[in-house]
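Numbering of ligands and ligand atoms starts at 1, following listing order.
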Amino acid sequence: MTDYQGVLDHIAEAVQPHFGKGKVADYIPALASVPARKFGMAVRTTEGDLFVTGDAAERFSIQSISKLFMLELALQHFGDMVWTRVGKEPSGDRFNSMMRLEHEAGIPRNPFINPGALAITDLMMSLKGDTKFRIRNYLRFLAMTDTVDSNADVAASELAHAHVNRALANLMKGYGNIHGAVDALMATYCYQCAMEMNCAELATAALPLAGGGYSALHDAAVISASQAKRIGAVMLTCGMYDSVGSFAYRVGLPAKSGVGGGIVAIVPGKMAISVWAPELDAFGNSYVGTHALELFTNLTHTSIF
Ligand code: DON
């Protein structure tokens, strides 16, 4: 039996030389003040056991990791219809790139790049009720806590600077792939990105993805086995944007990142892993977090390859 606690504590030490090489996101002004040298990591096994190290109990802005859970919700409500609004191919472009969107007539390459996430949130907003509460309550359910919430300052800060995302939404609206009002969509999207969770909560929330849909903590299938398989595939091919190939090469796990410095990864059948370190690489993924996950799969032989 692997000593996960020992491995996590070892990684927390081993990554120290990698601090200072990345850069905390500052294009959302409220994120620029997050201390750079935070490091937390958590493992939640499919049996339900939790192992944590460092700042794993401190909440951070989950940002694009919210796209993973919004996709889960969309697949539960709309099934395969989701794939008429977004593709499931890697884009090879930056997460907020506009280039392909015109060539591909407003259908984003996948649900994890910003235009794809905007299309998914717009789809969810076609349901009755407030999508903000829907995603907040879903995250509370998944993480098994009723205190997980969105940070109003971060959401307002992003909303005031969301010029590129607004342009993406407007372009898609022009192609007929955004159905609702762009203003309301931007507010909901910024709200979901400003959700805050800690590493332990995030690993818990991703447990159904590692368990073929089943969560030992909920003692229930939260999503179907087929949904877990499909979302895992999209994480593997699209979850780390235009560095998804080198991430697969180094870490070898399906994962989803956010510019708050969080990454959540899954080892199918075994565990969900989360890491938080705010300094980002050039692709907008956690620099130290990627090193930590690479060390983890090397030390525990848990890469899927
Ligand atoms: O839309 C944005 O730009 C941010 N709210 C989220 C981007 C993000 O997290 C990309 N991930 N690495």
Specify the protein heavy atom at minimum distance from [atom]: its residue, its atom name, and the distance to 0.1 Å.
atom: atom 1 (O) of ligand 1; value: Tyr189 OH, 2.6 Å
atom: atom 4 (C) of ligand 1; value: Gln63 OE1, 3.1 Å
atom: atom 6 (C) of ligand 1; value: Ser64 OG, 3.2 Å

Short version for Val259: what comes under 4.0 Å of ligand 1, heavy atoms counted, is both

Checking heavy atoms under 4.0 Å, the part of Ile65 that sits near ligand 1 is neither

In ligand 1, which numbered atoms sit nearer than 4.0 Å to a non-hydrogen atom of [X]?
X: Glu158; value: 1 (O), 2 (C), 3 (O), 4 (C), 5 (N)
X: Cys193; value: 5 (N)
X: Gly258; value: 9 (O), 11 (N), 12 (N)

Are Asp183 and Arg166 ion-paired here, with the side-chain N under 4.0 Å from a carboxylate O? yes

Note: Arg136-Asp130 ion pair, threshold 4.0 Å (strictly below): no

Take atom NZ in Lys270; do more than 12 heavy atoms of anything else shown fall under 6.0 Å from it?
-> no

Paired with Leu171, the side-chain contact (heavy atoms from CB on, under 4.5 Å) test is passed by just one of Leu101, Asn177, Ile178, namely Leu101

Please confirm whether Asn114 comes under 4.0 Å of ligand 1, counting heavy atoms of the residue only.
-> yes

Report task. Answer yes if the side chains of Asp281 and Thr290 hold a donor-acceptor pair under 3.5 Å, and no otherwise. Result -> no

Judged by heavy atoms only, the candidate from Tyr27, Phe112, Phe283, Tyr241 nearest atom 3 (O) of ligand 1 is Tyr27

(Q) Could you check, using the six-membered ring where one of them is a Trp, whether Tyr241 and Phe95 have ring centers closer than 6.0 angstrom? (A) yes

task: Return yes or no for this condition: an N or O of Asn165 is under 3.5 Å from an N or O of ligand 1.
output: yes

Q) Does Gly284, backbone or side chain, put an N or O under 3.5 Å from an N or O of ligand 1? A) yes

For Asp149, the salt bridge (charged side-chain N to carboxylate O under 4.0 Å, His left out) test, sequence neighbours excluded, returns Arg140

Sorted by chain and number, sequence neighbours left out, side chain to side chain donor-acceptor pair (under 3.5 Å) with Ser150 holds for none

